[in-house]
Amino acid sequence: MLLGEYEHTIDDKNRLTLPAKFRSAFSGGIVVTRGMDGCLSAYAPDAWERVLQGRLASLDPLSKEGRRMQRFFYSGATEGELDKQGRVNVPAALIDHAGLGREVVVAGVNDHVEIWDREAWRRELAEVEGSAEDVAERLAERD
């Protein structure tokens, strides 16, 4: 399980050093793709395969929404390996998609990590913190 948030930087060659705590999860490779809410998502190959076989594979390719979601995730995905310093190259198109500056936050989200521009992460946290109790109440009412 990937947990925690860590402040890092993207260097001039578009390399991101992953937090040491996360590196073993990506020892077999890494898949970085467009994420939701203005971030990037990074998966270990086996976790990415579960996403493919689960949610994305179940989308109806005959529906417009299904095709769009598959395009969004698949076309933006890139496979890579961590170098000896634990760095991964992040393609410029993905950096642009997420609006990443030099300063980023790498956040563990169970089976993947999210890569956020640091200021965008702060705004996201402020919004979540402001609504978390309301969301929890609505979820509790469902049971």
Side-chain angles (χ1 to χ4, degrees), residues 1-140:
M1 185 178 301
L2 300 165
L3 303 171
E5 64 183 73
Y6 303 88
E7 293 186 353
H8 279 263
T9 58
I10 294 180
D11 70 16
D12 294 337
K13 296 181 180 179
N14 291 348
R15 295 176 300 192
L16 169 65
T17 302
L18 287 182
K21 184 176 178 182
F22 294 155
R23 292 179 196 164
S24 64
F26 299 101
S27 62
I30 188 167
V31 177
V32 182
T33 191
R34 296 179 189 111
M36 305 302 292
D37 304 317
C39 70
L40 301 180
S41 295
Y43 294 86
D46 59 336
W48 176 245
E49 191 66 30
R50 284 191 300 276
V51 168
L52 293 179
Q53 292 175 352
R55 300 291 240 180
L56 294 179
S58 68
L59 296 175
D60 184 351
L62 298 178
S63 75
K64 188 173 189 173
E65 292 82 11
R67 291 190 308 273
R68 283 185 164 172
M69 290 307 293
Q70 288 179 347
R71 279 185 207 119
F72 180 80
F73 287 105
Y74 290 125
S75 69
T78 183
E79 296 176 306
E81 302 285 332
L82 300 184
D83 67 13
K84 292 179 183 177
Q85 288 79 35
R87 297 177 300 197
V88 61
N89 187 57
V90 182
L94 290 178
I95 289 173
D96 290 343
H97 165 77
L100 301 179
R102 180 171 165 75
E103 297 180 341
V104 299
V105 170
V106 180
V109 187
N110 190 22
D111 65 342
H112 67 285
V113 297
E114 292 181 346
I115 304 162
W116 289 80
D117 176 77
R118 198 172 296 174
E119 286 304 314
W121 174 251
R122 289 179 180 149
R123 288 189 301 272
E124 176 70 11
L125 278 186
E127 187 176 324
V128 168
E129 289 170 351
S131 64
E133 290 181 13
D134 293 336
V135 172
E137 281 294 320
R138 285 195 304 275
L139 292 173

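Just so we're clear, the structure is a prediction, and the values are computed from it rather than from any experiment.
- Of the possible donor and acceptor atoms, none in the side chain of His97 sits under 3.5 Å from a partner among the backbone N and O of Arg34.
- Here the side chains of Leu2 and Asp111 are not in contact, with every heavy-atom distance at 4.5 Å or above.
- When side chains are defined from C-beta on, Asp83 does not count as touching Asn89, because their heavy atoms never get closer than 4.5 Å.
- Residues Val113 and Gly108 approach most closely at CG1-CA, 4.1 Å, considering heavy atoms.
- The shortest heavy-atom contact between Gly29 and Pro45 is O-CD, 3.2 Å.
- When atom types are taken as modelled, the side chain of Arg23 and the backbone of Leu18 share a donor-acceptor pair closer than 3.5 angstrom.
- Checked by atom type and distance alone, the side chain of Arg67 pairs as donor or acceptor with a backbone atom of Leu62 at under 3.5 Å.
- Here the straight-line distance linking atom CD of Glu114 with atom CE of Met36 works out to 10.5 Å at 0.5 Å rounding.
- Remark: Leu125 CG to Trp116 CH2 distance equals 8.5 Å, nearest 0.5 Å.
- Rounded to the nearest 0.5 Å, atoms CD1 (Ile95) and CD1 (Ile10) are 4.5 Å apart.
- Here the OH atom belonging to Tyr74 is positioned 11.0 Å from the CE atom belonging to Met69, to the nearest 0.5 angstrom.
- Between Glu119 and Arg102 there is no salt bridge, since no side-chain N of the basic residue sits under 4.0 Å from a carboxylate O of the acidic one.
- Here the shortest heavy-atom pairing between Gly35 and Ser41 reads CA-OG, 3.5 Å.
- Looking at heavy atoms from C-beta onward, Arg118 lies in side-chain contact with Arg122 at the 4.5 angstrom threshold.
- Under the 6.0 Å cut-off for aromatic ring centres, Phe26 and Tyr43 do not qualify, their centroids lying 6.0 Å or more apart.
- Counting only heavy atoms from C-beta outward, the side chains of Cys39 and Ile115 never approach each other to under 4.5 Å.
- One finds the CZ atom of Arg123 at 7.0 Å from the CG atom of Asp117 (value rounded to the nearest 0.5 Å).
- Under the 4.5 Å side-chain criterion, counting only non-hydrogen atoms from C-beta, Leu16 is in contact with His8.
- Considering all non-hydrogen atoms of both residues, Ala44 and Ala25 come closest at CB-O, 3.3 Å.
- Residues Val104 and Thr9 form no side-chain contact, since every pair of their non-hydrogen atoms from C-beta on lies 4.5 Å or further apart.
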Report task. Test side chain to side chain contact (heavy atoms under 4.5 Å, CB included) on Tyr6 and Lys21 and set out the steps. Result -> CA-CA 10 Å; Tyr6 303 88; Lys21 184 176 178 182; 3.0 Å; yes
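- Listed for the Thr33 side chain is a donor-acceptor partner under 3.5 Å among the backbone atoms of Phe73.
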- Please walk me through it: do Glu5 and Trp121 pass side-chain hydrogen bond (donor to acceptor under 3.5 Å, both in side chains)? CA-CA 10 Å; Glu5 64 183 73; Trp121 174 251; 3.2 Å; yes
